[in-house]
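Heads up, the thing below is written out as structure tokens.
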Amino acid sequence: MPGFEIFGAEERKQVNDVLETGVLMRYGFDSMRNNHWKAKEFEIAFAKKMKADHCQLVSSGTAALTVALAAAGIGAGDEVIMPTFTFVASFESILALGAVPILVDIDDTLTLNPQAVEAAITSKTKCVMPVHMCGSMANLKALKVICDTHNLILLEDACQAIGGTYEGKPLGSYGDLGCFSFDYVKTITCGEGGAVLTNNEKFALHADYYQDHGHDHVGSDRGAESHPYMGYNFRISELNAAVGLAQLEKLDNILQKQKENYTIIREVLQTIDEVTFRSVPEGGEENYSFLSFYLPTAELAQKVHKALSNSGIDACFYWFTNNWHYINGWEHLRNLKSLSNLPAEVKSQMQDLNNTDFSKSDAIMSRTISSLIKIGWDKKQVGQRAEAMKMAITSVL
Ligand SMILES: *Cc1c(COP(=O)(O)O)cnc(C)c1O
């Protein structure tokens with residue numbers, strides 16, 4: 001996920017357009033802004049690129065998830081099904097709205113297990129939130145059938161999988177809503193930023209209102225606008241949007257380079273009998289930002305992870321004990337440690353996460369290692385990395 005690897009003259013030019021006028025806000029100041037509307041321009045370009053009808057740019061990926069949930073009318077006591085392997089933003093956004101995160105197992109796609117989703121549905125369930133971790137996707141077809149059957153919203157978190165596709169559709173455009181992050185370590189970056197995609201006109205309008213204090217953005221006098229609903233401030237600034245515009249132009253090249261580098265490493269690792277790879281649902285194509293593979297046992301995976309690190313091979317992750325991405329590390333969530341009193345619905349409906357059986361997730365995560373794929377590596381470096389990885393892995397087998 002290398003947006004920061006390629007910050008250059010194009011980004012500086014876009015930001016300078018904004019600095020020259022000094023209009024750092026995305027709305028208003030029409031006569032001062034020399035016709036620069038970076039956020040609007042980005043939204044149009046991104047919606048087109050992602051084959052969606054509407055894009056709403058916001059201040060982060062976490063904001064995107066929050067705005068998407070709010071736009072779909074999800075609030076107090078509504079249950080949102082999410083995976084055990086994800087970024088903390090999944091439950092943060094759900095809890096921010098007074099809704100209830102319900103955690104369920106993943107399968108060997110490293111994303112939501114559709115059977116576990118179905119088993120977790122109650123009369124309070126409103127939304128299913130697959131998270132396309134590490135560049136590849138959930139079984140969206142199976143999840144869509146479940147959502148259609150039970151009248152649930154399908155909200156894709158595509159923050160780590162921009163540019164991947166499923167049945168020919170860009171990830172993030174398949175569900176009712178899709179969310180992206182452009183934080184500093186994502187495939188393309190705005191510094192900080194995020195986006196919500198949808199083909200649903202009502203959700204698009206609601207997202208537009210919600211991310212800017214409920215403003216309806218009708219007319220050109222901000223002070224005179226009406227406010228159909230209460231909102232919040234999740235706006236992106238023109239400076240951040242300007243960076244994103246330049247990065248979006250580079251997305252195709254990034255994806256191509258990731259695919260090349262991923263393929264070189266995969267071809268070497270697949271000569272090792274004990275190594276298998278995450279499964280990609282039929283009809284899906286990854287964005288190749290990570291190469292994730294399995295060892296036969298947890299013990300071997302831990303040894304391999306140590307051997308990789310001892311060999312000086314950077315950017316290999318063992319998520320099972322990494323405190324950001326897997327439930328093992330979320331002690332604060334498991335014990336509901338919050339700064340303030342939580343809504344009664346959250347307290348009464350949350351699972352007892354310290355005593356919920358996630359052995360199916362454990363059986364997969366404890367054997368998983370992911371290598372980040374950088375685009376700055378040249379062919380020789382990737383080849384060397386692949387061979388060094390193979391040596392480290394085989395040394396402990
Ligand atoms: C990065 C990320 C987010 C949150 O994005 P921010 O822009 O950092 O708030 C949400 N979900 C996933 C899967 C992510 O990787």
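We're numbering straight along the sequence, starting at 1. None of these values were measured; they are calculated from a predicted model. Atoms within each ligand, like the ligands themselves, are counted from 1 in listed order.
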field: N or O contact, Lys186 vs ligand 1, cut-off under 3.5 Å
entry: yes
query: Do Ser371 and Arg385 have side-chain N/O donor and acceptor atoms under 3.5 Å apart?
result: yes
task: With heavy atoms under 4.0 Å as the rule, classify the contact between Cys159 and ligand 1 as side chain, backbone, both or neither.
output: side chain
- request: Could you walk me through whether Glu156 and His132 pass the side-chain hydrogen bond (donor to acceptor under 3.5 Å, both in side chains) test, one step at a time?
  value: CA-CA 7 Å; Glu156 292 174 75; His132 306 314; 2.9 Å; yes
task: Classify the angle between the aromatic ring planes of Tyr229 and Tyr209 as parallel (below 30°), tilted (30 to 60°) or perpendicular (above 60°).
output: tilted
- request: Please identify which atoms of ligand 1 are closer than 4.0 Å to at least one heavy atom of Val131.
  value: 13 (C)
- line: Atoms of ligand 1 under 4.0 Å from any heavy atom of Ala89, numbered from 1 in the order shown, are 4 (C), 10 (C)
- request: Give the atoms of ligand 1, by number and element, whose distance to some non-hydrogen atom of Asp183 is under 4.0 Å.
  value: 1 (C), 6 (P), 7 (O), 8 (O)
Whether over 12 other heavy atoms sit under 6.0 Å from Phe277 CZ: yes
- prompt: Do you know the tightest heavy-atom contact between Arg235 and Asp212?
  reply: NH1-OD1, 2.7 Å
query: Hey, is Glu192 touching ligand 1 through its side chain, its backbone, both or neither, going by heavy atoms under 4.0 Å?
result: neither
query: In terms of atom number and element, which parts of ligand 1 are under 4.0 angstrom from non-hydrogen atoms of Gly61?
result: 4 (C), 5 (O), 6 (P), 7 (O), 9 (O)
- request: Mind listing the closest non-hydrogen atom pair of Asn287 and Gln258 along with its distance?
  value: O-NE2, 2.7 Å
For Ser60, atoms of ligand 1 separated by under 4.0 Å from a heavy atom: 7 (O), 9 (O)
field: Heavy-atom nearest neighbour of atom 5 (O) of ligand 1 within options Ala161, Ser90, Ser181
entry: Ser181
- request: Identify the two heavy atoms, one from Ile236 and one from Gly193, that lie closest to each other, and give their separation to 0.1 Å.
  value: CD1-CA, 3.9 Å
field: ligand 1-proximal atoms of Thr62, by part, heavy-atom distance under 4.0 Å
entry: both
